[in-house]
Each structure stands twice: as structure tokens, then as C-alpha cells.
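One-based numbering, in listed order, for ligands and for the atoms of each.
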Amino acid sequence: MKRGNNDLPCIELRHPSGAQLDVYLHGAHAVSWRSADGGQNLFMSSKTDFKPGCPIRGGIPIVFPQFGDGPLPKHGFARVTGWDLLDTRLHESGYAEARLGLHETAETMQVWPQEFRMEISFRLKAQELEVALAVMNTGKGEISFNIGLHTYFLVDDIAKVMVSGLAGARLMDFLGSRQEEKEGREKITIDRETDRVYPNAPDRVLLHGIAGGRGIAIEKYGMRDIVIWNPWIEKSRRMEDFGDSDYLSMVCVETGNLRGRVTLEPGATHKSSTTFTLA
Ligand code: TA6
């Protein structure tokens, strides 16, 4: 564990191949993923804050228990709350793992009066990162929540980015009619502000054009939805913790139960994960 930006504690998870993942306890937020090939795979804004209570802009923000706007802080409180480091280890099957935990606090009970335990496991291999989530309902009543990963990928040039694997999938464009449409493109490119959800999306998509001209496979498990987001020019200018030209170097391909919610009976556990594999 090191002291990172603003003296916040940060875990450096290393794999024998040389791959490394840096995760802040603040928000259990992965801010850097350097694979064994030396490539940095996550975008981080140069203008982000590392202040308690503030979300970090970039990396892999955790969305829980709310996606988007609503009665809770946007995208929920998990990404702005301090998590506990449960353990780190090199697993006998060859991945390096860091496990972090979160449960209800007086602050979370004020905004979301539910008892829960949540764990996130980062499992790092040479060219692969799995992020696994588990939520346990430790209360006496049913709970219902969104959960997911708002992953910011580093790209060389947004004009060269392409997402494949969503052709024929249903979508809703948050910037358009918000009516259900169908994705007609085999290769989705980004040339404007993009903010669209693919409910019940295929479990595997490919993102082409991440830094170094590489591709990455994104495989979700127990997660229904995918969101693709890029703020483009005008929204970038309005975001204080985001550089005006940062939209050229990033794309969010988010995975989770973001449109739909998960409902858990007392004592039940929901497990979900996303595996990122460099192609
Ligand atoms: O996931 C897309 C989105 O909901 C966009 O509408 C945009 O607001 C983005 O998330 C970033 O949200 P944030 O709260 O991190 O600024």
C-alpha cells in the first residue's frame, strides 16, 4: 500500500508478468492498469480530484446502488466512500488478486437505509483483468439497486475507436428520442457526444483502438447492460474535472445492471463480473 494523490491510500497490485493495477481505497477505484505488454489501458483525467466525497474522473468507477441521477449522489455512493482492503494474494491458478469490502455506514444509511455487504475482487493476469462484484443483503427487507463498472478506456485517437458485437442489439439513446431503437452498425464509431444504453446486451463486445493500437475483449457475467459514453466537445468544456480535449483520448464502455435493477431478498447474494482481455 502506498500513499497516492492527496495522500490517499493506494494498493499496487503486481502480477509476476509485470502487469500492475493501482487501486485507491477511496471508491475501491482502479486508476491505472498497465498490462504485461507495458500498455496503459485506463484513461485518467489530468484534472480529477482525489478528495474524500468526490468521484475520481477516469479509471474504473463503481456504480452502486444507483446509476445516473436520482435521490442518491449520481452513480451512487460506492465510488465516493472509503472501502476496506480485505486481502491481496497470488492465487495458485496464477492471477494476482486484491479484494476490497464495503458495508452500510451511518452516512449511507442516511441516503439509502439498507444493510448490505459488498465485495470487489480485482484479478490480474498478464494481459487480462477480471473485476468481480458481490452484494449481500444483510438486512431484514428486500433491497433493489443498480450495480456496474463505469470503465474509462485510454485510446490513442477517438477517431480510430470502434466497438463491435452490438449489431442488432436494442438501444436507447439518452441524447435522442429515448425511444427504443435497434443498433444497425457492425462497427460503432464515435464522432459526436455519445450516451446510449444497450439493455440486455450481448455478453461479449470488442473495443478496438485502445492505446497502442490494441484491441480489448469485454465479457460481462451477471450484468445485463452496456453503456457507451463520450462527452465530446461541449460537455467536456462544462466538466471541471475533465480536460477540454480529453474526449479525444477516452471512451467509456460500461457494464452492469444499469438500466434494470437487481432485487435481493434478505440473506441473498448477487454476483457479477466483467473480464477485460487484451486481444
Ligand atoms: O454513463 C454515462 C453517464 O451517465 C453520462 O450521462 C455522464 O454523466 C457520465 O455517466 C459521467 O457521469 P459522472 O457522474 O461520472 O460525471
Report task. Apply the test side chain to side chain contact (heavy atoms under 4.5 Å, CB included) to residues Glu107 and Thr81: give CA-CA distance (whole Å), side-chain angles for both, the deciding distance (0.1 Å), then the verdict. Result -> CA-CA 9 Å; Glu107 292 76 19; Thr81 302; over 6 Å; no
Report task. Report the residue from Tyr247, Phe43, Tyr152 that forms a ring-ring contact (aromatic ring centres under 6.0 Å, His included) with Phe242. Result -> Phe43
Just list the N/O pairs, ligand 1 to protein, that are under 3.5 Å apart, with the distance for each.
| from | atom 1 | to | atom 2 | distance (Å) |
| --- | --- | --- | --- | --- |
| ligand 1 | 1 (O) | His150 | NE2 | 3.0 |
| ligand 1 | 1 (O) | Glu254 | OE1 | 2.6 |
| ligand 1 | 1 (O) | Glu254 | OE2 | 3.0 |
| ligand 1 | 6 (O) | Asp195 | OD2 | 2.7 |
| ligand 1 | 8 (O) | Lys74 | NZ | 2.4 |
| ligand 1 | 10 (O) | His75 | NE2 | 3.0 |
| ligand 1 | 10 (O) | His150 | NE2 | 3.0 |
| ligand 1 | 12 (O) | His75 | NE2 | 3.3 |
| ligand 1 | 14 (O) | Arg79 | NH2 | 2.9 |
| ligand 1 | 15 (O) | Arg57 | NH1 | 3.1 |
| ligand 1 | 15 (O) | Arg79 | NH1 | 2.9 |
| ligand 1 | 16 (O) | Arg57 | NH1 | 2.9 |
| ligand 1 | 16 (O) | Arg57 | NH2 | 2.9 |

Query raised in the report: Is there a side-chain contact between Val135 and Phe64 (heavy atoms, below 4.5 Å)?
Result: yes
Report task. May I ask you to test the Leu13-Val23 pair for a side-chain heavy-atom distance under 4.5 Å? Result -> no
**Report entry** Close aromatic pair by centroid cut-off 6.0 Å: Phe67 and His75
**Finding:** yes
Report task. Return yes when atom CZ of Arg3 has more than 12 non-hydrogen atoms of other residues, nucleotides or ligands closer than 6.0 Å, and no otherwise. Result -> yes
